[in-house]
There are 2 protein chains.
Amino acid sequence: MKLSKSTHYALHTMLHLTISHAEGHTSVSKLAGHQQVSTTYLSKILTKLVKAGLIVSVPGANGGYKLKANWQETTLLDVIQAVEGLPPIFDYCEDHNPSCIIQQSIQKAEKNFLEELGTMKIADLAEDARNVPHH
Amino acid sequence: MKLSKSTHYALHTMLHLTISHAEGHTSVSKLAGHQQVSTTYLSKILTKLVKAGLIVSVPGANGGYKLKANWQETTLLDVIQAVEGLPPIFDYCEDHNPSCIIQQSIQKAEKNFLEELGTMKIADLAEDARNVPHH
DNA sequence: CTATTATAGACTCACATTATCTCTAATAGG
DNA sequence: CCTATTAGAGATAATGTGAGTCTATAATAG
Ligand code: SF4
Ligand code: SF4
């Protein structure tokens, strides 16, 4: 039950794009430079964010990535689900009892967990991140 | 970010042991008979529950598994952590900023998630499960 | 037209989960 | 003491997924 390394790359990148969003597009090579990850691999992850509508991309010279229009609304949940997809963490009732009390209980707790992540905006975290050395 | 199939086996088994806990020990072959899982593999999972102190085992004829003394207190969290271990779902700050705001936020939400699972007692779920056909 | 940049596909590699088989240890009951 | 029964430990294999590379293609600015 772990979030993938790709999700970490995506979140870190979102933080960067948010902090420097006034400076226009940023290329994947610059974004990858801040982390230990290859450009081609990070590119695949960012494409997921594009398809989820969290960022926009422009090919060609001086192109790159930038945040979508109302980027202030993007939450941790948006980014995590864009990369990880939407499968529930416990879903083993296919050919069993679909009203299994165990599954119901775990998914109820998961729902609250996701809702809490849905209240955490990247923009707010980026504001806080300005005060720590690493960013 | 998924709970393993082993965790499902463990939870299902705990439900069975709780429902039939008045009948003494239950062998792993009986417990495996209720699920599509081999006896040797389920045995490995149950050994984790034994080491976590959630159930007790007795080898030899008429042996098997039964719940621990105050079995009424066992929660979903106890079982999940016994099988899955205790790693946080997001932990990518080893050589980075240990006070990373993203990590802090996700782990805060995770803490609430685990605490909620810690309030869900297997005994209560077993009581509800008596009213559904599958169990 | 050319350099630059994102995107897509095929592919490999590493690792954890899942699972089986076999052997050993402990226990009940005769 | 003997034997059937049962849990536990170890080695090993199969499977699947995450992580990562390489190459080719498409789009854009200048
Ligand atoms: S009822 Fe729930 S725990 Fe039991 S086998 Fe079905 S899905 Fe698993
Ligand atoms: S501060 Fe470190 S751990 Fe946090 S997102 Fe950035 S690179 Fe990852």
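Residue numbering restarts at 1 for every chain, and letters A, B, ... go by the order of the sequence lines. On a predicted model such as this, the values are computed, not experimentally measured, just so you know.
Straight-line distance from the CE atom of B:M1 to the C1' atom of D:dT17: 16 Å, rounded to whole Å. Between B:L46 atom CG and D:dA9 atom P there is a gap of 12 Å when expressed in whole angstrom units. Rounded to whole angstrom, the span from the CD1 atom of A:I55 across to the C1' atom of C:dT7 amounts to 13 Å. Between the CG atom of A:L49 and the C1' atom of C:dT7 there is a distance of 14 Å, given to the nearest Å. At whole-Å resolution of the value, NZ in A:K2 and P in D:dG18 are 13 Å apart. B:L42 has its CG atom 15 Å from the C1' atom of C:dT17, to the nearest Å. Taking atom NE2 of B:H8 as the reference point, atom C1' of C:dT17 lies 16 Å away to the nearest angstrom. Rounding to whole angstrom units, CG of residue B:L31 and P of D:dT6 are separated by 12 Å.
Between B:S6 and C:dT17 there is no side-chain N or O to OP1 or OP2 distance below 4.0 Å. Not one side-chain nitrogen or oxygen of A:Y9 sits closer than 4.0 Å to the OP1 or OP2 atom of D:dG18. Of the side-chain N and O atoms in B:S43, none sit less than 4.0 angstrom from OP1 or OP2 of D:dT6. One finds no side-chain N or O of A:S38 lying less than 4.0 angstrom from the OP1 or OP2 phosphate oxygen of D:dG20.
Note on A:S29: nothing from the nucleic acid sits closer than 4.0 angstrom, heavy atoms only. Backbone-only contact: A:K51 has heavy atoms under 4.0 Å from sugar-phosphate atoms and none from a base. Contacts of A:K48 with the nucleic acid, taken as non-hydrogen atoms under 4.0 Å apart, are absent. Contacts of B:V37 with the nucleic acid, taken as non-hydrogen atoms under 4.0 Å apart, are absent.
Side chain of B:S43 to main chain of B:T39: no donor-acceptor pair is present (N/O by atom type, distance under 3.5 Å, no hydrogens or angles). Judged by distance alone, the side chain of A:E110 and the main-chain N or O of A:I89 form a donor-acceptor pair under 3.5 Å. Put simply, the side chain of A:D78 gets close to the backbone of A:T75: a donor and an acceptor are under 3.5 Å apart. Under a 3.5 Å cut-off, the side chain of B:Y92 and the backbone N or O of A:K5 do form a donor-acceptor pair.
A:S4 is not listed as a side-chain neighbour of A:Y9, based on a closest heavy-atom distance of 4.5 Å or more. Between A:V50 and A:V56, every side-chain heavy-atom pair lies at or beyond the 4.5 Å cut-off. Between B:K121 and B:E73, some side-chain heavy-atom pair lies under the 4.5 Å cut-off.
With the nearest nucleotide of DNA chain C identified for both B:K5 and A:T26, A:T26 has the one nearer the 5' end.
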What are the atom names and distances for every N/O pair under 3.5 Å that joins the protein to nucleotides 23-25 of chain D?
none

Detail all sub-3.5 Å separations between protein N/O atoms and N/O atoms belonging to nucleotides 23-30 of chain C.
residue, atom, partner, partner atom, Å
C:dT27, O2, B:A61, N, 3.2
C:dA28, O4', B:A61, O, 3.4
C:dG29, OP1, B:N62, ND2, 3.4

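The aromatic rings of B:H16 and B:H12 sit tilted relative to each other, their planes meeting at an angle between 30° and 60°.
A donor N or O paired with an acceptor N or O is found under 3.5 Å between the base of C:dG9 and the side-chain atoms of A:K44.
Between atom CD of residue A:E127 and atom CD1 of residue A:I19 there is a gap of 9.0 Å, rounded to the nearest 0.5 Å. Put simply, CD1 on B:I106 and NE2 on A:H8 are 9.0 Å apart, with the number rounded to the nearest 0.5 Å.
The side chain of B:Y41 lies closest to C:dA19 when the candidates are C:dA19, C:dT7, D:dG20. Nearest to the side chain of B:S4, among C:dA8, C:dT17, C:dT5, sits C:dT17.
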